[in-house]
Protein chains: 2
Amino acid sequence: MPDLDDLNHRILRVLLRDGRSTYAEIGNEVGLSVSAAKRRVDRLVRDGAIRGFTAVVEPQAMGWDIEAVVQLYTNGTVPFETMRRDLEHVTEIVEAFTVAGAADAMVRVVAGDVPHLERVISRLRGLSYVQQTDTTMLLSVLVRRPNVPQTAP
Amino acid sequence: MPDLDDLNHRILRVLLRDGRSTYAEIGNEVGLSVSAAKRRVDRLVRDGAIRGFTAVVEPQAMGWDIEAVVQLYTNGTVPFETMRRDLEHVTEIVEAFTVAGAADAMVRVVAGDVPHLERVISRLRGLSYVQQTDTTMLLSVLVRRPNVPQTAP
DNA sequence: GTTGAAATGACCCCCTA
DNA sequence: TAGGGGGTCATTTCAAC
């Protein structure tokens, strides 16, 4: 994934702010014609810089009332791809990373209620290479933004 | 935030999959006319179930190459709103929660490089009520999905 | 439904490797 | 001179009333 020129950064910023911006709006903001703006956006999608477009949905609105972060301690020999595939199948996982620290992976889970969360944790503990889990329940949201800041690094 | 009927859940699922779905597409999927679909979507936005629409951008594409989770240990007396406001101002924070566990808050940070991350951590440690921080660097993404599962709880 | 706005694709121009 | 952008215009599709 190459870093991109300033024009593309500005286009991405517009689309982070509003994923349904029209090409005319994007073009106005960054100084391009409608079709040039569309070409750029199509290209960003094709190259994978834009993974897609989505609604930002309040989890409670869909009956997801519990969020937790589960840290996984593994036997250390599990192949990355095996773990990725296993976690992918757990639909309650919205994000998962390998990490540098005490644990080996960190997983963010949403669940409908506490028993549901318990089932998800059981399932994670049932993975043969998972030796231990450490669950932190999330209480209140302090900040929630698009997963990329709107400022420049 | 009320839980919603099945039709709204299905609409949300369509918009999670593609935030730029047209009202005609939504209507087809869930069995509504174009204008009924629009009414529903407008209502979901107005009621806050849909917070907005955004592009899902690969952080590296914008020069954000480092991700970390920072746990904050506080003096325990800081008002929620004070902490929320302080963290809100740190643009490198993409998510922050109060948590039940050893730490008091968990913050997800993106940064351009390691020195940048270090500056962000310094800034967090500089908050008067933050007594200690514990940083976990994220290495690889195993799973990254819209922040709500597409299945029913 | 009708009417205006947006998206899309065809076509040509310019610059540069 | 081929390829990557960019602009303009005509057509189709969508949104809004």
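Values in this document were obtained by computation on a predicted structure and should not be read as measured data. So you know, we letter chains A, B, ... as the sequences are listed, proteins then strands, and number each from 1.
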Got a salt bridge between [X] and [Y], using NZ or NE/NH1/NH2 to carboxylate O under 4.0 Å?
X         : Y        : result
Arg119(B) : Glu92(B) : no
Glu88(B)  : Arg85(B) : no
Glu29(B)  : Arg40(B) : no
Arg145(B) : Glu95(A) : no

- Message: Check whether Arg13(B) reaches the backbone of Gln150(B) with its side chain - one donor and one acceptor, N or O, closer than 3.5 Å.
- Response: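 It does hold such a pair.
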
- Is there a donor-acceptor pair under 3.5 Å between the side chain of Thr54(A) and the backbone N or O of Leu16(B)?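 It does hold such a pair.
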
- For every nucleotide of nucleotides 12-17 of chain C, 5' to 3': is a protein heavy atom under 4.0 Å from its base (B), only from its sugar-phosphate (S), or from neither (-)? ------

- Message: Return a single string for nucleotides 9-17 of chain D, one symbol per nucleotide in 5' to 3' order, where B is base contact, S is sugar-phosphate-only contact and - is none, cutoff 4.0 angstrom on heavy atoms.
- Response: -----SSS-

- Could you list the residues that satisfy salt bridge (Lys or Arg N to Asp or Glu O under 4.0 Å) with Arg51(B), not counting sequence neighbours?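 So Arg51(B) forms a salt bridge (Lys or Arg N to Asp or Glu O under 4.0 Å) with Glu58(A).
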
- Query: Which residues satisfy the salt bridge (Lys or Arg N to Asp or Glu O under 4.0 Å) test with Glu118(A), sequence neighbours excluded?
  - Reply: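 Residues passing salt bridge (Lys or Arg N to Asp or Glu O under 4.0 Å) with Glu118(A): none at all.
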
Provide, to the nearest angstrom, the distance between the [atom1] atom belonging to [X] and the [atom2] atom belonging to [N].
X        : N      : atom1 : atom2 : answer
Asp42(A) : dA7(C) : CG    : P     : 11 Å
Leu32(A) : dA7(C) : CG    : P     : 15 Å
Asp18(B) : dA7(C) : CG    : P     : 13 Å
Asn28(A) : dA6(C) : CG    : P     : 10 Å

- Which ILVMFWY residues are connected to Leu139(B), directly or by a chain of links, through side-chain heavy atoms under 4.5 Å apart?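 Besides Leu139(B), the hydrophobic cluster comprises nothing; the residue is isolated.
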
Give every pair of a protein N or O atom and an N or O atom of nucleotides 3-5 of chain D that lie under 3.5 Å apart, one pair per line with the distance.
| unit_1 | atom_1 | unit_2 | atom_2 | d |
| --- | --- | --- | --- | --- |
| dG5(D) | OP2 | Arg43(A) | NE | 3.1 |
| dG5(D) | OP2 | Arg43(A) | NH2 | 2.6 |

- Please name the residue in the list Thr135(B), Leu138(B), Ile93(B) that meets the side chain to side chain contact (heavy atoms under 4.5 Å, CB included) test with Val109(B).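 Filter result, single survivor: Ile93(B).
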
